[in-house]
Amino acid sequence: MILFMIKTLISRNIPPQHIAETIKTLDMAAQISQLFVDLKRQPRFAMARSRRAAIMNMTNPGTGTITLHCTSIGNISIKAPALSGSSSQLYSVPGQSVLFAIDQPFEVQLYAVGPNQLEKTDICSIDQNNPLVIDGSRTLFDYCQSDAGLIGRINLPDRMTDIGVFDRVSLRKVAWLPHDDGAARHLVSLQLLEAVQDPERARVAGELIYHYHPAVAWKAFQVLYLAYPQMAVSYVALLKKHRNARLDSLLQPFEQAE
């Protein structure tokens, strides 16, 4: 029954506030322990090779995060703050997140998300009786460095919204990453073609410059500009149709060359 309860929270579309209220009634340390037990029972954990592959797939070393369970709706993960250093950049989390304490309280720094800038707001304390719901479209959160054991999170992602990248010192937006899997694949493909200097990279860029996602279109523009600057500049008006503030600012130096 313990395992059934926590998995049910992301088995169907449940409002984040309801998830938070349910978490208050549960022993989250026991819930997380049961998820680990369930993982060990899966066939992929039976053999050493498949077990290592599974562990690598569910672990993000850069953020110190382990995903214990996921569905098409969301995922349940844990994080060890003491094992992940402070990055020079802050990343938004598109969608809704519910942060919860497992064994010890912890604190998060909250930021209000603007189009091109973050604004530091409050430090919020989270304990067993006070999980925190965060709307990623308005709020970015950063874990305060502490000796807290494990931190829990239920993430309900919005895959049509991009991940914003902000400089930790200036709090200005410095980049954005596609949350959409298809756009991400095209972006990585362009980067790989550029890295190996593939002779067909400009042709591929010429096709992907029409892509619906501004990050892919911008990367295609960059690749095309290195090969055929005049041709690339002719696409500036096309890219501005995205009406994306970040993309518009990147295109400004090229508008004068049209």
Side-chain angles (χ1 to χ4, degrees), residues 9-20 23 57-79 81 84 86-100 108-122 124 126 131-143 151-168 170-188 190-191 211-219 242-250:
L9 297 178
I10 56 171
S11 64
R12 54 193 176 90
N13 288 311
I14 300 175
Q17 291 293 347
H18 179 71
I19 292 176
I23 285 175
N57 189 51
M58 60 192 281
T59 304
N60 185 329
T63 61
T65 302
I66 301 174
T67 300
L68 300 179
H69 180 66
C70 63
T71 67
S72 60
I73 293 173
N75 59 72
I76 303 170
S77 65
I78 59 172
K79 177 184 175 70
S84 57
S86 179
S87 169
S88 61
Q89 296 173 326
L90 297 167
Y91 297 85
S92 65
V93 181
Q96 304 280 335
S97 297
V98 184
L99 308 180
F100 59 89
V108 291
Q109 173 68 62
L110 303 180
Y111 299 84
V113 178
N116 297 298
Q117 183 89 31
L118 294 177
E119 180 182 349
K120 186 178 288 189
T121 55
D122 304 318
C124 186
I126 300 169
L132 178 65
V133 177
I134 292 181
D135 180 353
S137 66
R138 297 185 299 175
T139 305
L140 183 149
F141 64 92
D142 184 34
Y143 298 103
I151 290 171
R153 186 174 106 200
I154 291 179
N155 190 35
L156 308 171
D158 175 3
R159 302 199 180 281
M160 297 305 295
T161 302
D162 295 330
I163 300 169
V165 185
F166 300 84
D167 180 78
R168 183 180 292 275
S170 68
L171 301 184
R172 292 192 60 81
K173 192 172 188 177
V174 294
W176 78 109
L177 305 171
H179 207 186
D180 175 80
D181 290 340
R185 284 194 295 271
H186 285 307
L187 188 59
V188 171
L190 282 169
Q191 291 171 334
H211 198 276
Y212 68 89
H213 197 287
V216 177
W218 166 243
K219 186 60 184 177
H242 286 276
R243 299 187 182 280
N244 181 281
R246 176 62 180 166
L247 181 57
D248 287 347
S249 67
L250 292 170

Check [X] against [Y] and note the closest heavy-atom contact, atom names and distance.
X: Pro131; Y: Ile126; result: CA-CG2, 4.1 Å
X: Gly74; Y: Pro157; result: CA-CD, 3.9 Å
X: Ser97; Y: Asn155; result: OG-OD1, 3.1 Å
X: Ile19; Y: Ile154; result: CG2-CD1, 3.9 Å
X: Leu171; Y: Leu90; result: CD2-CD1, 4.2 Å
X: Ile10; Y: Cys70; result: CD1-CA, 4.3 Å

Inset, instruction - Go through the side-chain N and O atoms of Gln89 and Tyr91 and say whether any donor and acceptor fall under 3.5 Å apart. - result: yes
Inset, instruction - Verify whether one side chain among Thr67 and Asn75 offers a donor that lies under 3.5 Å from an acceptor in the other. - result: no
Any donor and acceptor pair, going by atom type alone, linking the side chain of [X] with main-chain N or O of [Y] inside 3.5 Å?
X: Thr139; Y: Gly136; value: no
X: Arg246; Y: Val174; value: yes
X: Asp135; Y: Ser137; value: yes

Separation of [Y] [atom2] from [X] [atom1] (nearest 0.5 Å):
X: Phe166; Y: Ser92; atom1: CZ; atom2: OG; answer: 5.5 Å
X: Ile66; Y: Ser77; atom1: CD1; atom2: OG; answer: 9.5 Å
X: His211; Y: Leu190; atom1: NE2; atom2: CG; answer: 9.5 Å
X: Tyr143; Y: Leu99; atom1: OH; atom2: CG; answer: 5.0 Å
X: Leu110; Y: Lys120; atom1: CG; atom2: NZ; answer: 11.0 Å
X: Ile73; Y: Ile14; atom1: CD1; atom2: CD1; answer: 8.0 Å

Legend entry - Pair Asp142 + Arg168: basic N to acidic O under 4.0 Å: yes
Inset, instruction - Could you go through the side-chain contact (heavy atoms from CB on, under 4.5 Å) check for Val216 and Lys219 one step at a time? - result: CA-CA 5 Å; Val216 177; Lys219 186 60 184 177; 5.9 Å; no
Inset, instruction - Find out whether Arg153 and Phe141 are in side-chain contact, i.e. whether some heavy atom of one side chain is under 4.5 Å from a heavy atom of the other. - result: yes
Legend entry - Non-hydrogen side-chain atoms of Leu118 and Val113 separated by less than 4.5 Å: yes
Inset, instruction - List the steps, then state whether side-chain contact (heavy atoms from CB on, under 4.5 Å) holds for Leu132 with Val98. - result: CA-CA 5 Å; Leu132 178 65; Val98 184; over 6 Å; no
Inset, instruction - Take Ile134 and Val93 through the test side-chain contact (heavy atoms from CB on, under 4.5 Å) and record every step on the way to the result. - result: CA-CA 9 Å; Ile134 292 181; Val93 181; over 6 Å; no
Legend entry - Check against side-chain contact (heavy atoms from CB on, under 4.5 Å), Ile78 and Ile151: CA-CA 5 Å; Ile78 59 172; Ile151 290 171; over 6 Å; no
